K.L.:
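Quick one: this structure, given as structure tokens, is what I'll be asking you about.
Reminder, nothing fancy here: chain letters follow the sequence lines and each chain counts from 1. Remember, it's a predicted structure, so these values are computed and weren't measured experimentally.
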2 protein chains.
Amino acid sequence: MTYTYEYPHPAVTTDIVILTVLDGALKVLLIKRGMEPFKGKWALPGGFAKIDESLDTCAARELEEEAGIKGVYLEQLYTFGGINRDPRERVISVAYYALIPGKNVTLEAGTDADEAEWFAVDDVPELSFDHAEVLGMACKRLAAKMDYSTVGFKLMPDEFTLSYLQDVYEKATDKPRDKRNFRKWVFSLNVIEATGKKYSSGPHRPAMLYRVINPEDVKNIR
Amino acid sequence: MTYTYEYPHPAVTTDIVILTVLDGALKVLLIKRGMEPFKGKWALPGGFAKIDESLDTCAARELEEEAGIKGVYLEQLYTFGGINRDPRERVISVAYYALIPGKNVTLEAGTDADEAEWFAVDDVPELSFDHAEVLGMACKRLAAKMDYSTVGFKLMPDEFTLSYLQDVYEKATDKPRDKRNFRKWVFSLNVIEATGKKYSSGPHRPAMLYRVINPEDVKNIR
DNA sequence: CCAAAAGTGTTCGTACTACACCCATGC
DNA sequence: GCATGGGTGTAGTACGAACACTTTTGG
């Protein structure tokens, strides 16, 4: 079956920058392409928008189909509309970024992808299409937004220590933070509470565990 | 001539929120639609993306064709990808916003529009499609961005007074500003310089005229 | 001389920065 | 008992907020 229009129509895809902090680095999930173009090269997960689904729905679907991830923070990033992004036809890509807690990482490669793998964002292989630019913008946006909103907490698992939180902030914004000042700042936000539990991870004082109070919210601050 | 694809393709448009401060209010340029759907109703200027132009180019072209405006600040806002935005077919709209100085306002209605007219953003008529939502997002983005960048100066004519600048800031962000604090803040940005000229507008002390030093730049501050 | 907008400094409070030591645990 | 990361307070600074009077002009 084919579809015919009076004027030429571009194809529309969503591409998703899936970010997490893992092994002490900000990482992005890449997929080795199983089809042309760029077969065998790494790319952001994503795919064509169905005609009867919204872009948000499409992004969420691709996130689940290609990475097996759902129920995470997902936000539109930018729309890339250059004319030669894709060798096949004119393709407009609406990019999204997703934030997932570093712990809950379980990967399943999707149907049209050979493999999925985490890469440190400052050490990615050569990317397909203009995905390097997309990734760059996502990292910039995340870093900026972590300074004026509480999105950063979307990278946290259900329970976490303050040291882990600080580590995530330092890795995602690529800036060191003073431990005492960071904690004062975090508490002033009123978005976490102590669980009462402690977490032991070695021959030293155990750390208190915290949880996010309203996991749904992302507050703007300042 | 027709164009045929193996899978259904959405149409892609750009819509542009053209903002200025005029007669003491933040205003948006609307166009009375000359064609169905929504014939005779007001809408944001915009139109279908050509297959061989980038989205940025498309937005700039629509801006010129429908409003006779070029060479102004134009930035991508958000992409609206709901499924029933347009009764004709699936249409994805990449929204942009443009900022133009309140003085250089000359309007020419375009080819597929009956009339163009400025409306105060908080007193617009009923809009076509989901353009009310688009306009709302543009106003929010402008207000936010005026607080952490120097975009606001894109609303300034070549020469302007500090009172006028303050008025624009107050109208665009809908917040009153203290005159002395506002001036201290503006000077600390280092983006304007005195022209040496003065501007008399009535039976009172004339105001000094300023100009933007690097009109191309938009700096982020903080 | 009067009305009207332009111009100009200081004080205060708050929020960010810098900085160093004791604590609890496992081995 | 020692090595390791967890946890805590204070002092200085810088920036934003509040606030009122004098100046210059046109009529």
K.L.:
Write down the distance between CZ (A/Arg183) and P (C/dA18), rounded to a whole number of angstrom.
P.N.:
18 Å
K.L.:
Tell me every residue that passes side-chain contact (heavy atoms from CB on, under 4.5 Å) with A/Ser200, counting only those two or more places apart in sequence or in another chain.
P.N.:
A/Pro206
K.L.:
Does anyone know the first and last nucleotide of DNA chain D in reach of chain A, 5' to 3', at under 4.0 angstrom to a heavy atom?
P.N.:
D/dA3 to D/dT10
K.L.:
If the condition is ring-ring contact (aromatic ring centres under 6.0 Å, His included), which residues does A/Phe160 pass it with, not counting sequence neighbours?
P.N.:
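A/Phe160 satisfies ring-ring contact (aromatic ring centres under 6.0 Å, His included) with no residue once adjacent residues are dropped.
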K.L.:
Between B/Asp167 (CG) and C/dA6 (P), how many Å, whole number?
P.N.:
10 Å
K.L.:
For A/Phe119, what residues pass the ring-ring contact (aromatic ring centres under 6.0 Å, His included) criterion, not counting sequence neighbours?
P.N.:
A/Trp42
K.L.:
What is the separation between atom OH on B/Tyr210 and atom P on C/dA6, rounded to the nearest whole Å?
P.N.:
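For the pair B/Tyr210 OH and C/dA6 P, the rounded distance is 12 Å.
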K.L.:
Need the bend value for the helix from C/dC1-D/dG27 to C/dC27-D/dG1: angle between end axes, 5 pairs each end, nearest 10°.
P.N.:
0°
K.L.:
A/Thr79 and side-chain contact (heavy atoms from CB on, under 4.5 Å): which partner among B/Val12, B/Leu55, B/Leu77?
P.N.:
B/Leu55
K.L.:
Report, as a single string ordered 5' to 3', how protein heavy atoms within less than 4.0 Å touch nucleotides 19-27 of chain C: B base, S sugar-phosphate only, - not at all.
P.N.:
BB--BBBB-
K.L.:
Would you mind listing every salt bridge (charged side-chain N to carboxylate O under 4.0 Å, His left out) that reaches into residues 16-27 of chain B, with sequence neighbours excluded?
P.N.:
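Listed once each, the pairs are B/Asp23-B/Lys27.
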K.L.:
Could you list all the side chain to side chain donor-acceptor pair (under 3.5 Å) pairs where at least one residue sits in residues 211-222 of chain A, not counting sequence neighbours?
P.N.:
A/Glu193-A/Arg211
K.L.:
Residues in side-chain contact (heavy atoms from CB on, under 4.5 Å) with B/Lys70, at least two apart?
P.N.:
B/Glu64
K.L.:
Under the rule for ring-ring contact (aromatic ring centres under 6.0 Å, His included), what residues qualify as partners of B/Phe129, not counting sequence neighbours?
P.N.:
B/Phe38, B/His131
K.L.:
Please state whether the rings of A/Tyr73 and A/Tyr97 are parallel, tilted or perpendicular, taking 30° and 60° as the class boundaries.
P.N.:
perpendicular
K.L.:
Nearest whole Å is fine: how far is C/dT17 C1' from A/Asp147 CG?
P.N.:
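Rounding to the nearest Å, CG of A/Asp147 and C1' of C/dT17 are 15 Å apart.
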K.L.:
Once side-chain contact (heavy atoms from CB on, under 4.5 Å) is applied, do any residues pair with A/Asp56, and if so which ones, sequence neighbours excluded?
P.N.:
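Here the qualifying residues are A/Ser54, A/Tyr96, B/Tyr78.
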K.L.:
Which residues pass the ring-ring contact (aromatic ring centres under 6.0 Å, His included) test with A/Phe153, not counting sequence neighbours?
P.N.:
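For A/Phe153, no residue satisfies ring-ring contact (aromatic ring centres under 6.0 Å, His included) once neighbours in sequence are set aside.
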K.L.:
Students often get this wrong, so: under 4.0 angstrom with heavy atoms, is A/Ser201 touching a base, only sugar-phosphate, or nothing?
P.N.:
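Result for A/Ser201 = nothing.
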